[in-house]
Structure formats: C-alpha cells, structure tokens
Amino acid sequence: MSFVEDARWFTAAPPAAQAGVPGHVTLVGAGPGDPELLTLRAVKALRNARLVLYDHLVGKEVLQYVPADADLIYVGKEAAHHTLPQESIIDLMVRLARSGRSLVRLKGGDCFVFGRGGEEAIALAEQGIAFDIVPGITSAQGAGAYAGIPLTHRDHAGTLVFATGHLCGRDEVALDWAALARPRQTVVIYMGLSTLPIISRELQAHGLPADTPAALVEQTTLPGQRCISGTLGGLPELARAHGIRPPALIVIGHVVALQQHIARGLRAQFV
Ligand code: SAH
C-alpha cells in the first residue's frame with residue numbers, strides 16, 4: 001500500500017483501534033540496506049508490526065519482515081523530491097498513535113544520524129505518546145565494513161566526524177571547514193554528492209592537501225555497491241566520470257588508503 005494510493009491516511013480520523021488509548025511508536029533504524037544488518041530488536045519490531053511508516057532509503061528486502069497483512073505507508077524523502085514534508089510525517093504519526101494505532105517508524109541507517117529521528121522523538125514526547133528507539137547501523141559503518149575502509153586507525157585517524165553536505169540556501173554548505181580539515185581525522189559526509197565540488201574546494205582552501213585519500217561509496221551494503229577511491233582534489237571529477245548517484249557517502253582521510261591492503265583479504269563481493 002502506498003501513501004498516495006490510499007487517501008484514507010490523509011483523513012482526519014484514521015480507524016481507531018482502542019479509542020482513548022494512544023498507540024505506541026517504535027522508531028527503528030533499518031541499517032544501510034543489507035537486511036542482514038538489521039538488529040534482532042528491529043526484526044522483532046517489524047515482525048510484530050501492524051502498521052509501518054517507512055522512508056525512501058529503507059532497503060526493499062528489509063520490508064520482507066513485515067507481516068503481509070500489515071499496513072505499509074511510504075512517506076518517502078529523496079533530496080529534491082519530498083513525498084511528505086517532515087511536519088506532515090510527524091503529524092500523521094501523532095494522529096495515528098492518538099487514534100490508538102501502534103506503529104513502527106522505519107528509517108534508513110540509524111534514526112538519530114541525519115535521520116530526523118530527534119524531531120520525531122521530541123514531538124512524540126511532547127504529545128505524551130510512548131515510544132521506543134531501536135538503533136540501526138548507520139551507512140558510514142556499513143561503508144567502512146563493506147568497502148574495507150577502517151573509519152579510525154591508531155596510525156592514521158584518532159577522530160571520526162560525520163557531517164552533512166546538504167545545501168543551506170543558494171550555493172552554501174554550512175560546515176565548520178577548519179574543523180573538518182584537521183589532520184589525523186576521518187570525515188564521512190552524508191548527503192554530499194551534489195555539493196561535492198564545494199566540499200572538495202573548501203576543505204582544500206582550509207588546508208587539507210589535494211592529495212588526501214578520499215572515496216565515494218554508493219549504495220553501500222547493497223548488491224549494487226560501488227566504491228570509487230582517489231584524492232580529495234580529484235573526487236568531483238571521479239564522481240562525474242563514474243556517474244555516482246545517491247545514496248552515496250564521501251569518505252575523506254588517510255584511512256581510505258588502507259583499503260587497498262584490506263580489500264585483498266575481504267571476501268565480500270562489494271568492494
Ligand atoms: N539515517 C541514515 C542517513 C540518512 S541521510 C543513516 O544513518 O545512514 C541520507 C544519506 O545517507 C544519503 O544521502 C547518503 O549520503 C547516506 N546513505 C544512506 N544509505 C546509504 C547507502 N546504502 N549507501 C550510501 N550512502 C547511504
């Protein structure tokens with residue numbers, strides 16, 4: 001069942017399960033795509049679900065754990081194409097829970113890593129709706145393991161930073177470039193593909209050498225995973241040349257150069 005196909009979900013009063021008793025919400029991180037990366041708690045929540053609201057980045061195979069007769073609502077969210085604005089998703093969750101329906105809110109990766117789970121949890125708490133949070137493997141961890149890039153390493157990176165590369169306003173990425181350009185650090189940038197030229201330029205302008213190892217990991221942990229490695233300076237051109245498309249992560253730092261040693265021994269077909 002898709003959100004758009006079933007207008008019932010837009011109406012003011014969704015079917016009440018137990019009038020007066022609010023439903024329970026379980027915020028679940030689905031991991032980066034490979035269903036084997038779901039936690040046992042996530043699988044349990046999905047198996048028991050009667051209603052699931054899921055995002056664009058939830059791997060299709062993850063949904064196999066949802067009972068066939070449960071209701072599935074796609075609430076989407078792709079960079080430029082929001083199926084439902086965030087406020088409407090929150091509003092829908094609150095209305096469904098208030099009407100007595102328990103639901104699973106399923107998100108790609110981890111709910112609290114660029115997943116807007118914080119906003120949803122705050123809204124639920126404010127509305128007095130009980131909820132649980134099930135952590136998921138964030139895509140940066142998936143990429144590290146499935147592409148053979150250790151995110152930290154005693155000799156190369158003692159700090160790990162997750163940042164978002166999404167645009168704020170016209171042509172602006174509001175990041176602390178000086179902090180990101182520090183040495184002995186790994187930077188993983190989410191949602192940064194379209195702003196990659198700005199990211200590459202700014203990090204170099206703030207002192208990170210153009211030849212710093214860097215990689216793009218597309219569709220990590222999924223059968224279509226591609227990992228393209230090169231240098232910070234050359235990454236925008238590599239992205240273009242290889243036609244890298246979202247979802248993709250940018251990994252910057254000397255740990256990327258370790259991939260060539262690790263990939264040799266890595267059994268996974270993804271590297
Ligand atoms: N909560 C998610 C992140 C959501 S933001 C998590 O913890 O992973 C969306 C961004 O996550 C995408 O633009 C991309 O940068 C990254 N991403 C999510 N899944 C991915 C995947 N399978 N492969 C590569 N990048 C992914």
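Whatever order the structure lists them in is the order used to number ligands and atoms, beginning at 1. These numbers come from the heavy atoms of this one structure, side chains and all, not from hydrogens, waters or symmetry mates.
- Minimum heavy-atom separation, R245 to E218: N-OE2, 2.7 Å.
- With hydrogens and angles ignored, the 3.5 Å screen pairs a side-chain donor or acceptor of T186 with a backbone N or O of L151.
- For ligand 1, the polar-atom distance check against I137 finds no nitrogen or oxygen pair separated by under 3.5 Å.
- Here Q219 has backbone heavy atoms under 4.0 Å from ligand 1, and that is the only part of it that gets that close.
- For atom 22 (N) of ligand 1, the nearest protein heavy atom (residue, atom name, distance) is P32 O, 2.9 Å.
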Atom pairs and distances, side-chain donor-acceptor, residues 129-138, under 3.5 Å, sequence neighbours left out:
{"residue": "D132", "atom": "OD2", "partner": "H24", "partner atom": "NE2", "Å": "3.0"}
{"residue": "T138", "atom": "OG1", "partner": "Y190", "partner atom": "OH", "Å": "2.6"}

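- Taking the six-membered ring where tryptophan is involved, the planes of Y74 and Y54 are tilted, since the angle between them lies from 30° to 60°.
- The protein atom (non-hydrogen) at minimum distance from atom 10 (C) of ligand 1 is M191 CG, 3.7 Å.
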For T221 and Q225: C-alpha separation, side-chain torsions, deciding distance, then whether side-chain hydrogen bond (donor to acceptor under 3.5 Å, both in side chains) applies.
CA-CA 6 Å; T221 80; Q225 174 175 301; 6.0 Å; no
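- Remark: A181 pairs with L203, H206, L208 by the side-chain contact (heavy atoms from CB on, under 4.5 Å) rule, at least two apart or across chains.
- For atom 11 (O) of ligand 1, the closest heavy atom belonging to the protein is Y190 CD2, 3.4 Å.
- Below 3.5 Å of separation, one finds no N or O of C111 facing any N or O of ligand 1.
- Using a 4.0 Å heavy-atom cutoff, T221 is absent from the residues neighbouring ligand 1.
- Heavy-atom proximity to L57, at under 4.0 Å, picks out these atoms of ligand 1: 9 (C), 18 (C).
- For ligand 1, the atoms closer than 4.0 angstrom to any heavy atom of V113 are 1 (N), 2 (C), 3 (C), 6 (C), 7 (O).
- At the top of the distance list for atom 24 (C) of ligand 1, counting protein heavy atoms only, stands P247 O, 3.4 Å.
- Shortest contact from atom 2 (C) of ligand 1 to any protein heavy atom: G108 O, 3.3 Å.
- The part of V217 lying near ligand 1 is the backbone, judged by heavy-atom distances below 4.0 Å.
- For atom 16 (C) of ligand 1, the nearest non-hydrogen atom from the set G109, A140, G59, S139 belongs to S139.
- Taking CG from D91 and CZ from R95, the interatomic distance works out to 5.0 Å, rounded to the nearest 0.5 Å.
- Looking at ligand 1, you'll find an N or O of D110 within less than 3.5 Å of one of its N or O atoms.
- If you check which protein heavy atom lies closest to atom 23 (N) of ligand 1, you get T220 N, 2.8 Å.
- With a 4.0 Å heavy-atom cut-off, ligand 1 is reached by the backbone of T138 and by its side chain too.
- G115 and K107 make their closest contact through O-NZ, 2.6 Å (heavy atoms, listed as atom of the first residue, atom of the second, distance).
- With hydrogens left out, the protein atom closest to atom 5 (S) of ligand 1 is F114 O, 3.4 Å, a heavy atom.
- By the neighbour-count criterion of 12 heavy atoms within 6.0 Å, atom CD of E36 is sparsely surrounded, having that number or fewer from other residues, nucleotides or ligands.
- Closest protein heavy atom to atom 14 (C) of ligand 1: A248 O, 3.4 Å.
- Remark: side-chain polar atoms of T195 are not paired, donor with acceptor, to backbone N or O of I198 under 3.5 angstrom.
- Closest heavy-atom contact between L232 and A214: N-CB, 3.7 Å.
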